Amino acid sequence: MVIKVPEVSSYCFMRIALIFPLGTADDYFSGVWMTNTKNRTALITGACGGLGTAIAERLCRDGYRALLLDMSEKVHAQARALNQRGFQARGVVCDITDEDEIKALFDQLDADAESVDILVNNAGISPKINGKSLTAEEVSLSEWQAVLTVNLTAPFLLSRTASPRMRERGWGRIINMASVAGRTRSMVSGAHYSASKAGLIGFSRMFASQVAKDGITVNCIAPGTIDAGLGGQLDAHMTANYKKNIPVGRIGEPEEVAAMVAYLAGEETSFITGAVFDINGGYFMP
């Protein structure tokens, strides 16, 4: 007796045969093969920091090419390590507060026919002394200007340089790393840091409205205390005190922020723009 296999079974077997030679089941269901990621390049600033490293790792794992920017020469070793694992990454030392360096970088990318489809403005500074920020009365003008230059002016320069190129392709994602300090009173951040992050949120909303018609989205992520990067500046006593004010009872992991970056970078988020995503364990609930 001949048993006819239903067409749906043939289809399922065909999909299994096609998919899994290219990657694991985890890869497939995490979205690597469900979106057009392999043709997209993500530029990540502050790539050598704890949060930047997690973002680069996640986007590479999701199939994106990664352009890692940092002031540290370590960014080259970081890129090599990712390439050795089969990912596509390139490290670039760049001063993102220097408009001429940014222009030169993008001119070189144009010459290399390399696009920046996703811009992650992750770099930031929050000066502290013995784990504590100075009061507004104590902060020098030079320190105030340095914080706003890195945290606010650099994302402005990078965004306005990347957006015309995104407009030409009719697609782009700009993801700005704000902070809970830009949303409410902070227990640990200085006035200059809070002002810079609040300003970044305001800039992101205005810029989002200006480029939305071009297929470009602009969103902010506002992490609370994360066990990496600037959050890693807190000592054990301060971390314990901070946890008491977080409803979930812990500080965040960098991978949790990276997961939101990956979501906002995706093809399916074209209707999300001008938004702020709070990742703070319930510390701030607007």
Side-chain angles (χ1 to χ4, degrees), residues 44-53 55 68-75 92-103 105 119-161 175-207 220-239 241-242 245 251-252 254 257 276 279-280 283-284:
I44 305 154
T45 69
C48 284
L51 191 50
T53 298
I55 293 169
L68 312 178
L69 261 64
D70 205 281
M71 288 284 287
S72 171
E73 295 284 345
K74 294 179 181 178
V75 74
V92 177
V93 175
C94 179
D95 180 359
I96 59 172
T97 68
D98 187 321
E99 185 174 12
D100 290 336
E101 283 200 31
I102 291 173
K103 182 179 183 302
L105 169 64
L119 170 62
V120 184
N121 285 310
N122 168 70
I125 59 172
S126 180
K128 291 180 174 62
I129 298 176
N130 296 324
K132 295 181 179 180
S133 298
L134 297 176
T135 67
E137 293 176 341
E138 296 170 328
V139 172
S140 66
L141 178 59
S142 60
E143 182 174 303
W144 174 276
Q145 291 173 331
V147 171
L148 265 70
T149 298
V150 174
N151 296 359
L152 181 56
T153 303
F156 157 70
L157 293 173
L158 284 157
S159 296
R160 76 170 188 175
T161 306
I175 303 165
N176 292 324
M177 200 60 62
S179 168
V180 67
R183 303 278 276 158
T184 187
R185 181 183 66 85
S186 172
M187 294 173 60
V188 295
S189 300
H192 43 9
Y193 183 80
S194 296
S196 70
K197 294 302 185 178
L200 184 59
I201 291 171
F203 164 71
S204 299
R205 286 173 171 158
M206 287 302 299
F207 200 53
C220 279
I221 298 174
T225 299
I226 304 298
D227 190 18
L230 301 182
Q233 295 177 352
L234 303 181
D235 60 30
H237 177 70
M238 295 177 68
T239 299
N241 286 338
Y242 205 90
N245 294 279
I251 61 175
V257 179
V276 182
I279 304 179
N280 57 54
Y283 175 79
F284 172 70

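Side chains are part of it too, since the values below use all heavy atoms of this structure and drop only hydrogens, waters and symmetry mates. Just so we're clear, the structure is a prediction, and the values are computed from it rather than from any experiment.
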* Provide the closest heavy-atom pair for Asn151 versus Ser196 in the form atom of the first, atom of the second, distance. => ND2-OG, 3.1 Å

* Should Cys220 and Lys197 count as side-chain neighbours, where that means a heavy-atom distance under 4.5 Å? -> no

* Asked: Should Glu143 and Glu138 be marked as a side-chain contact (heavy atoms from CB on, under 4.5 Å) after you check the CA-CA gap, both sets of side-chain angles, and the distance that decides it?
  -> CA-CA 10 Å; Glu143 182 174 303; Glu138 296 170 328; over 6 Å; no

* **Minimum heavy-atom distance Gly52-Ile44, with the two atoms named** => O-CG2, 4.3 Å

* Run the side-chain contact (heavy atoms from CB on, under 4.5 Å) check on Arg205 and Val276 step by step: do they pass? -> CA-CA 9 Å; Arg205 286 173 171 158; Val276 182; 3.8 Å; yes

* Structure fact -> With sequence neighbours left out, the residues meeting side-chain hydrogen bond (donor to acceptor under 3.5 Å, both in side chains) with Ser189 are Ser186

* Asked: Of all heavy-atom pairs between Ala195 and Trp144, which one has the smallest distance, and what is that distance?
  -> CB-CH2, 4.0 Å

* Decide yes or no for Val147 and Val139: does some side-chain heavy atom of the first lie under 4.5 Å from some side-chain heavy atom of the second? => no

* Where is the tightest heavy-atom contact between Thr45 and Ala123, given as atom of each residue plus distance? -> OG1-N, 2.9 Å

* Calculate, to the nearest 0.5 Å, the distance between atoms CG and SG belonging to Leu69 and Cys94 respectively. => 5.0 Å

* To do: Check the pair Thr97 / Thr153 against side-chain contact (heavy atoms from CB on, under 4.5 Å), numbers first and verdict last.
  => CA-CA 7 Å; Thr97 68; Thr153 303; over 6 Å; no

* To do: To the nearest 0.5 angstrom, please state how far the CG atom of Asp100 sits from the CG atom of Leu157.
  => 10.0 Å

* To do: Taking all heavy atoms of Ile226 and all of Pro254, pick out the closest pair and write down the distance.
  => CG2-N, 3.5 Å

* Asked: What distance do Ile102 atom CD1 and Thr161 atom OG1 have between them, rounded to the nearest 0.5 Å?
  -> 5.5 Å

* Hey, are the side chains of Val93 and Val75 touching, using non-hydrogen atoms and a 4.5 Å cut-off? -> yes

* Run the side-chain contact (heavy atoms from CB on, under 4.5 Å) check on Leu200 and Asn121 step by step: do they pass? -> CA-CA 10 Å; Leu200 184 59; Asn121 285 310; 5.8 Å; no

* Asked: Going from NE2 on His192 to OG on Ser140, what distance comes out if it is rounded to the nearest 0.5 angstrom?
  -> 7.5 Å

* Roughly how far, to the nearest 0.5 Å, is CE of Met177 from CD1 of Ile279? -> 7.5 Å

* Asked: Do Tyr193 and Ser133 touch side chain to side chain, with heavy atoms closer than 4.5 Å?
  -> no

* When rounded to the nearest 0.5 angstrom, what is the spacing between CG in Leu152 and CG in Asn176? -> 9.5 Å

* **Contacts of type ring pair (Phe, Tyr, Trp, His ring centres under 6.0 Å), residue Tyr283, not counting sequence neighbours** => Tyr242

